[in-house]
Amino acid sequence: MLQFITHSNEKYDYLTSAIEALKGGCHWIQLRMKNIPEQTVIATALQLKEYCRKYNAKLILDDHVQATLKTGADGVHLGKNDMSPSDARKILGNGYIIGGTANTLDDIERLIKEGVDYIGLGPFRYTETKKNLSPILGIDGYKKILMACKEKGYTIPIVAIGGITKNDIPEIMSTGITGIALSGSILRAENPQVETQLIINLINKYNNE
């Protein structure tokens with residue numbers, strides 16, 4: 001699976017970046033708008049929800065639990081310093097997807113106990129799109145954590161995130177990771193729609209081997 005995390009640059013704002021990924025075949029969009037007023041997040045989410053429905057994609061809001069309720073998004077992703085997943089579940093109920101961010105095996109075990117539906121594990125390498133970055137995992141970190149999860153029998157989907165490029169995907173997928181989350185690398189491509197499709201094909205290739 002490919003998760004696209006919205007970003008903005010000189011060419012694309014948060015909404016148009018997501019639309020590019022959707023047109024490229026992505027079926028999972030995380031609307032991430034840091035340090036933006038919640039009303040602006042809600043307005044963007046309502047617009048983006050219509051596009052996600054058109055392209056049969058999931059819409060996940062980053063951090064904003066109440067906005068998830070107000071907009072009818074499919075779920076919320078919670079960072080390590082956000083509301084706890086268990087508290088979010090009390091607000092949202094079981095009809096919403098809740099994801100959490102992890103950097104260690106202990107993080108993963110805590111998130112599983114708190115009832116998340118998937119985990120974003122990272123960062124793979126340094127990324128400019130995230131402030132207060134956790135320790136870099138690299139390929140060895142992914143191998144170690146994914147092996148421990150396998151030994152413990154954890155089956156929760158785990159998605160790699162943080163500074164990943166298309167060239168990293170084969171090696172990352174070999175660790176047993178479920179999917180890849182990307183942001184800047186897609187928007188930096190000459191044609192983000194084509195880049196998105198190439199990345200999806202690459203992920204699917206390794207999922208089917």
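Everything numeric in this text was worked out from a predicted model, so none of it was measured.
- The backbone N or O of T165 sits less than 3.5 Å from a side-chain atom of D168, completing a donor-acceptor pair.
- No donor-acceptor pair closer than 3.5 Å links the side chain of T196 to the backbone N or O of C26.
- Shown here for R89 and Y96, the closest heavy-atom pair between the two residues is NH1-O, 2.7 Å.
- Within 6.0 Å of the OH atom in Y51, the count of heavy atoms belonging to other residues, nucleotides or ligands does not exceed 12.
- In this structure, the side chains of S174 and Y206 stay at 4.5 Å or more apart for every pair of heavy atoms.
- Between the D107 side chain and the N103 main chain, a donor and an acceptor come within less than 3.5 Å of each other.
- A heavy-atom distance below 4.5 Å is found between the side chains of E195 and I199.
- Of the residues listed (T101, D62, I98, D87), the one engaging L78 in a side-chain contact (heavy atoms from CB on, under 4.5 Å) is I98, and it is the only one.
- At a threshold of 4.5 Å between non-hydrogen side-chain atoms, the residues H64 and T71 do not count as touching.
- Minimum interatomic distance between P135 and P123 (heavy atoms only, all atoms of both residues): O-CD, 3.5 Å.
- Test D63, L59, D74, L92 against T68 for side-chain contact (heavy atoms from CB on, under 4.5 Å) and you get one pass: L92.
- When all heavy atoms are compared, the tightest approach of L202 to P170 is CD2-CD, 4.1 Å.
- With H27 contributing its side chain and Y55 its backbone, the two residues share a donor-acceptor pair below 3.5 Å.
- In the hydrophobic clustering, where aliphatic and aromatic side chains (Ile, Leu, Val, Met, Phe, Trp, Tyr) are joined below 4.5 Å either directly or transitively, V159 groups with M1, W28, I60, I97, Y118.
- P85 pairs with exactly one of D117, L111, I112, V65 by the side-chain contact (heavy atoms from CB on, under 4.5 Å) rule, that one being L111.
- Partner L121 forms a side-chain contact (heavy atoms from CB on, under 4.5 Å) with one of I108, T178, I161 and no other, that one being I108.
- Cluster annotation: I200 and L182 are assigned to the same hydrophobic cluster (Ile/Leu/Val/Met/Phe/Trp/Tyr, side-chain heavy-atom contacts under 4.5 Å, transitive).
- Taking every heavy atom of both residues into account, R32 and T6 meet most closely at N-OG1, 2.8 Å.
- For the pair L22 and C52, the tightest heavy-atom approach, listed with the atom from each and the gap, is CD1-N, 4.1 Å.
- The environment of K144 atom NZ is sparse: at most 12 non-hydrogen atoms of other residues, nucleotides or ligands sit within 6.0 angstrom.
- Cluster membership check: I156 shares its hydrophobic cluster with V76, using side-chain heavy-atom separations under 4.5 Å among Ile, Leu, Val, Met, Phe, Trp and Tyr.
- In terms of heavy-atom proximity, I5 sits nearest to S183 at O-OG, 2.9 Å.
- You'll find the side chain of E114 reaches within 4.5 Å of the side chain of S84, heavy atoms only.
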